[in-house]
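So the structure is just underneath, and the comments pick up after that.
When a residue number appears, it is its place in the shown sequence, counting from 1.
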Amino acid sequence: MSERLRILITGFGPFPGAPFNPTMPLVKRLTQLRRPALDDVALTSHIFHVTYATVDRELPELIAKHRPQALLMFGLAGRTSYLRIESRARNAVTTRFPDAGRQHARKGSIVDGADAHAFGPHSEKLLRAAVATGIDARLSRDAGSYLCNYLSWRAIEAAGGDNGPRLAQFVHVPPLAHDGTAARGTSELTLEALVDAGEAMLMELVKLTRQIALV
């Protein structure tokens, strides 16, 4: 390839009920990775404020500015004890819970007359890469109805556009303690385990994106 591969890695900030979001340190660690396989890869990170308006504004801006060929997105699943690789985004949004800007969605769907959108067969390949690190990781068909699902939907939309990324993937992580240790009573996973799995998924995503770019 004549230019560097561009990967955008995103997480979320705190939101109501989650004053600490472990995707913030996870994204930072992944973006700081130095590996020979990443020498020709430009890694960019971004943390979204947990509002619908932020996603609608900043995702198109990030794609236009950085022109990523792949998106690797992380979010917090507060009641899940394992790593969840989401296989699709549902056309659903909660009207019950406000976002971090205290705004409620006005209706229960993202768009009219559409079904769920799949990320693609690469989701299973990223799952296998994560599992190979020894982490408890599973494929999920339900990304919820909050900002994680909403970002997933918008990312899949962008990936289907002429100037959007070629691949997009969303991954839910369990809670962590502030020091990166496992969240007592919720999960046995640590930040180090998440970084190892995140690196494996990133490497797989880089490989798959290179294959598409060469076609």
(request) Using a 4.5 Å cut-off on heavy atoms from C-beta on, say whether the side chain of C148 contacts that of L151. (result) no

(request) For the residue pair Y146 and L76, establish whether any side-chain heavy-atom pair is separated by less than 4.5 Å. (result) no

(message) Would V171 and M201 count as a side-chain contact (heavy atoms from CB on, under 4.5 Å) here? Give the steps.
(response) CA-CA 10 Å; V171 179; M201 290 187 291; 4.0 Å; yes

(message) Could you check whether T209 and Q69, counting side-chain N and O atoms only, form a donor-acceptor pair closer than 3.5 Å?
(response) no

(message) Pair Y52, Y150 - check ring pair (Phe, Tyr, Trp, His ring centres under 6.0 Å), show working.
(response) CA-CA 8 Å; Y52 300 103; Y150 188 78; 5.1 Å; yes

(message) With a 3.5 Å distance limit and no angle check, can you tell me whether T80 reaches the backbone of Y82 through a side-chain donor-acceptor pair?
(response) no

(request) Examine the side chains of S123 and Q169 and answer whether a donor and an acceptor come within less than 3.5 Å of each other. (result) yes

(request) Treating Ile, Leu, Val, Met, Phe, Trp and Tyr as nodes and any side-chain heavy-atom pair under 4.5 angstrom as an edge, say whether L127 and F74 lie in one connected cluster. (result) yes

(message) In the structure I gave you, are the side-chain heavy atoms of N91 and V111 within less than 4.5 Å of one another anywhere?
(response) yes

(message) Under 3.5 Å, is there a donor on one side chain and an acceptor on the other for T181 and D179?
(response) yes

(request) Show your working on side-chain contact (heavy atoms from CB on, under 4.5 Å) between I110 and R154 and close with a plain yes or no. (result) CA-CA 9 Å; I110 301 173; R154 295 305 187 198; 3.7 Å; yes

(request) Using modelled atom types only, decide if a donor and an acceptor are shared between the side chain of H122 and the backbone of A168 within a distance under 3.5 Å. (result) yes

